[in-house]
S.K.: 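Have a look at the structure that comes next, please.
All chains are named by letter (A, B, ...) in the order of the sequence lines, taking the proteins before the strands, and each is independently numbered beginning at 1.
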2 protein chains.
Amino acid sequence: MSLTLRREVASVGPNLKRFGCRMNLKELARKLDLSPTTVSRALNGYPEVNEATRERVAAATRRYNYQPNTRAIRLATGRAMAVGHVIPLTTRHEIVNPVFADFIAGAGETYSRNGYDMLLSVVPDDNEERAYRELKSRGTVDGVIVHAPRMDDPRIPLLTEMRVPFVVHGRATGAALPYSWVDVNNRRAFKRATEFLIDLGHRRIGLVNGLEFMDFAIRRRSGYEDALGAAGIAVDPSILASDEMTETAGFRAMQTMLALPAPPSAIVVSSMLMALGVRRAIEKNGLKLGRDISVITHDDELSYLRNGDDVPIFTATRSSVREAGRQAADMLLSIISGKAAGPIERLLEAELIIGQSTGPFKG
Amino acid sequence: MSLTLRREVASVGPNLKRFGCRMNLKELARKLDLSPTTVSRALNGYPEVNEATRERVAAATRRYNYQPNTRAIRLATGRAMAVGHVIPLTTRHEIVNPVFADFIAGAGETYSRNGYDMLLSVVPDDNEERAYRELKSRGTVDGVIVHAPRMDDPRIPLLTEMRVPFVVHGRATGAALPYSWVDVNNRRAFKRATEFLIDLGHRRIGLVNGLEFMDFAIRRRSGYEDALGAAGIAVDPSILASDEMTETAGFRAMQTMLALPAPPSAIVVSSMLMALGVRRAIEKNGLKLGRDISVITHDDELSYLRNGDDVPIFTATRSSVREAGRQAADMLLSIISGKAAGPIERLLEAELIIGQSTGPFKG
DNA sequence: AATCGGTTTCAAACCGCTTTGGATGCTTCA
DNA sequence: TGAAGCATCCAAAGCGGTTTGAAACCGATT
């Protein structure tokens with residue numbers, strides 16, 4: 001008994017030095033008159049510990065507000081308990097993916113719910129490979145989310161070869177090996193949008209797309225072309241535009257098309273921001289959106305770019321990027337934990353939202 | 001000699017199990033016939049090691065591509081080598097700060113240059129306090145950047161009391177204690193912008209502002225009011241708007257003002273996105289931007305919202321958020337390392353960029 | 001009573017680095 | 001010549017967990 005008391009008194013360990021007044025496993029064990037081994041096992045749900053003991057441990061954990069030291073866990077287990085998001089900065093035109101913030105917001109929920117940290121590294125895309133290798137070799141993350149895949153994206157074979165668990169937000173046309181991804185069904189969405197316009201009687205339908213080395217842009221275009229093809233409408237390159245997804249680019253593209261001898265009567269647009277520019281061009285030419293010219297845009301449901309407050313302004317193919325973030329994160333965690341076997345693929349369908357920017361074709 | 005050889009052969013340690021084929025300090029030391037202590041010191045620039053030895057170590061480090069295990073360093077030193085960015089999600093209207101992505105891009109450069117990781121946590125703002133406390137107690141970060149400060153922001157006293165190094169992006173009117181911040185001189189910028197319009201002959205000048213519980217919005221308004229006051233112009237509440245910084249809100253605000261019996265002849269706007277909406281309203285009413293009505297907006301130089309490609313479209317008070325990110329990160333790291341003594345403050349001046357959206361008042 | 005299988009528990013090694021408190025050898029000075 | 005001083009280097013004890021291999025305990029079986 002007196003021994004126990006002495007122990008109690010002596011239990012203010014030297015860890016105070018570094019970590020404030022945190023309780024650590026050893027002290028907790030001492031208070032419980034158990035070995036650290038048992039406490040550790042109790043906490044981690046190992047079977048070889050008596051239920052009664054486990055409850056005692058749980059109670060003490062709450063009572064002393066014990067939180068295991070993440071750094072120690074990481075060292076001991078070799079797991080990083082963190083996932084990385086690499087943001088490539090295109091060196092030429094330093095564009096930060098506008099979709100990024102909302103995707104992160106979705107993924108972040110999942111991570112914190114599972115005790116994982118989210119690590120961001122901003123990387124000039126000329127040494128992206130080195131960045132991934134370092135992430136791996138420094139062991140700071142257990143897995144990675146790949147953003148903004150391009151056609152034949154080199155990151156996919158790279159990460160596969162390095163055996164880093166990863167999930168791609170989007171897909172990469174031309175990838176040889178299977179890999180895990182979460183993506184919107186861009187092809188079907190744009191096919192559907194185009195069909196909708198065709199059903200409204202439009203035959204001359206333009207496309208204002210993102211840069212077509214981006215995978216999603218390729219798919220959107222092919223959906224658009226499929227719908228036209230199915231309706232027996234030839235694709236006319238003069239009403240196809242592909243540029244960065246900015247307001248200005250949307251405006252410029254639309255201006256050019258409207259200046260044609262035979263301007264389109266309807267347009268499919270790849271992003272809300274571009275659609276704002278498209279609308280401006282339309283209005284600048286004295287036309288009325290939805291009456292003189294129809295516009296369907298893709299809407300990622302970015303929080304700072306809502307499609308109207310209550311009623312949608314633009315008719316849109318809608319798919320929440322934030323939801324994609326949640327799903328990608330879930331997927332990555334289950335791959336990391338080994339729960340998932342092979343590569344997982346998740347195709348999200350976009351909704352077609354009818355707004356005020358579309359209307360029937362009038363000769 | 002043969003001893004050395006045996007050692008070489010035996011040197012494939014058990015660490016292979018966990019960390020792939022990483023070389024660790026002990027092995028490196030063995031190859032060099034030195035103790036781990038000396039190698040560690042050589043690498044960390046301690047004085048008590050011979051220059052020749054230091055060079056040998058450096059050479060071996062390169063040769064074997066040795067990278068110290070971050071997890072071990074973190075545990076041994078108690079430093080996290082990481083900084084946290086907390087992104088509060090307003091539970092009511094889940095807006096992710098649109099400025100955020102670009103700020104991060106700037107800050108990230110600084111972090112990776114200094115070997116720090118950037119940790120993101122997305123936090124519903126109803127339990128923000130708990131999130132900060134946990135960040136501290138789990139010891140996952142050495143410091144924090146505070147985003148989007150509000151008036152009397154509770155995070156500032158909280159972090160101060162918890163003794164977590166932090167830097168605020170922006171300021172918080174009403175904070176009792178001094179703290180470190182990086183901010184644009186919003187007041188002067190908007191004063192300057194308003195003066196510019198006054199100099200052009202405008203007397204009826206509106207303000208389309210962000211939500212006025214945000215600190216920057218308060219300051220912008222006061223700059224605007226100062227300029228009016230100095231020119232002897234009374235502030236008219238009917239041409240003041242304050243709302244979320246979206247295109248739609250900008251449009252709505254401008255529509256309302258234009259419908260007034262005496263609409264303003266010039267407007268100061270708080271963000272590019274709002275300015276897009278303002279412009280739309282102006283054009284919708286058959287007016288010409290810069291001729292019939294003048295607009296100055298604040299431009300954060302967001303990468304996906306450039307103010308025109310070559311020549312600026314909007315006259316703007318311009319200040320790079322990315323640069324603010326870089327500076328805030330620098331500041332935080334120097335606080336963490338103890339190089340900086342007290343709180344540091346950095347006020348960035350916005351440039352006034354003359355674009356095509358402003359012109360002289362014509363009766 | 002001795003043995004056995006199963007359940008609980010523990011001591012000690014380990015993860016890879018830092019850091020403390022000496023050792024060692026060499027120079028210098030009384 | 002011996003002590004002091006200095007420049008280098010090292011063994012070992014940490015950081016706070018996990019994990020291995022073995023021990024203790026228990027009731028049941030022989």
S.K.: Let's see if you get this right: which residues in residues 130-141 of chain A place a heavy atom under 4.0 Å from DNA chain C?
M.R.: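 The stretch gives none, as no residue of it lies under 4.0 Å from the strand.
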
S.K.: Between B:R155 and B:A148, which heavy-atom pair has the shortest distance, and what is it?
M.R.: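 In this case the closest contact between B:R155 and B:A148 is NH2-O, 3.1 Å.
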
S.K.: Whole angstroms only, please: what is the CE-C1' distance between A:M81 and D:dG16?
M.R.: 16 Å

S.K.: Hey, does the side chain of A:S40 come within less than 4.0 Å of D:dT18's phosphate (OP1/OP2), counting only N and O?
M.R.: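 For A:S40, the contact criterion (side-chain N or O under 4.0 Å from OP1 or OP2 of D:dT18) is met.
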
S.K.: Compare every heavy atom of A:R171 with every heavy atom of A:D183, then report the nearest pair and how far apart it is.
M.R.: OD2-NE, 3.0 Å

S.K.: Go through the side-chain N and O atoms of A:Q327 and A:R346 and say whether any donor and acceptor fall under 3.5 Å apart.
M.R.: yes

S.K.: How close or far is atom P of C:dC10 from atom CG of A:L28, stated in whole angstroms?
M.R.: 13 Å

S.K.: Is B:N44 near enough to C:dT18 that one of its side-chain N or O atoms lies under 4.0 angstrom from OP1 or OP2?
M.R.: yes

S.K.: Hey, is the main chain of A:A329 close enough, under 3.5 Å, to the side chain of A:T110 for a donor-acceptor pair?
M.R.: no

S.K.: When rounded to the nearest 0.5 angstrom, what distance separates CZ in B:F166 from OH in B:Y132?
M.R.: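 With rounding to 0.5 Å, CZ (B:F166) is 9.5 Å from OH (B:Y132).
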
S.K.: Taking CD from A:E27 and P from D:dC15, how many angstroms apart are they, rounded to a whole number?
M.R.: 10 Å

S.K.: Minimum heavy-atom separation for B:M118 to B:G108, with atom names?
M.R.: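 Closest approach of B:M118 to B:G108: CE-CA, 3.9 Å.
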
S.K.: With heavy atoms under 4.0 Å as the rule, sort B:I73 into base, sugar-phosphate or nothing.
M.R.: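 Answer is sugar-phosphate: B:I73 comes under 4.0 Å of backbone atoms only.
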
S.K.: I need the minimum non-hydrogen distance between B:H147 and B:F100, along with the two atoms involved.
M.R.: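 In this case the closest contact between B:H147 and B:F100 is NE2-CE1, 3.7 Å.
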
S.K.: Which letters describe nucleotides 7-13 of chain D, given B = protein heavy atom under 4.0 Å from base, S = only from sugar-phosphate, - = neither?
M.R.: -BBBBB-

S.K.: Under 4.0 Å between a side-chain N/O of B:Y66 and OP1 or OP2 of C:dC17, yes or no?
M.R.: yes

S.K.: Specify the separation, in whole Å, of atom CZ of A:R71 and atom C1' of D:dT18.
M.R.: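 So the CZ-C1' distance, A:R71 to D:dT18, works out to 18 Å.
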
S.K.: Is it the case that the ring center of A:H85 lies less than 6.0 angstrom away from the ring center of A:Y111?
M.R.: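 Yes; A:H85 has its ring centre under 6.0 Å from that of A:Y111.
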
S.K.: Rounded to the nearest Å, what distance is computed from the CG atom of residue A:L43 to the P atom of nucleotide D:dG16?
M.R.: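 Going from A:L43 (CG) to D:dG16 (P), I get 16 Å.
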
S.K.: May I have the distance from B:N69 (atom CG) to C:dG16 (atom C1'), rounded to whole angstrom?
M.R.: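 In whole Å, C:dG16 C1' and B:N69 CG are 6 Å from each other.
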
S.K.: Over how many whole Å does the gap from A:Y46 atom OH to D:dT18 atom C1' extend?
M.R.: 7 Å

S.K.: Show me the side-chain donor-acceptor pairs of residues 39-52 of chain B shorter than 3.5 Å, one per line, residues at least two apart or across chains.
M.R.:
{"residue": "B:N44", "atom": "ND2", "partner": "B:S40", "partner atom": "O", "Å": "3.2"}
{"residue": "B:N50", "atom": "OD1", "partner": "B:A52", "partner atom": "N", "Å": "3.1"}
{"residue": "B:E51", "atom": "OE2", "partner": "B:R54", "partner atom": "NE", "Å": "3.2"}

S.K.: What is the separation between atom CG on B:L75 and atom P on D:dG17, rounded to the nearest whole Å?
M.R.: 9 Å

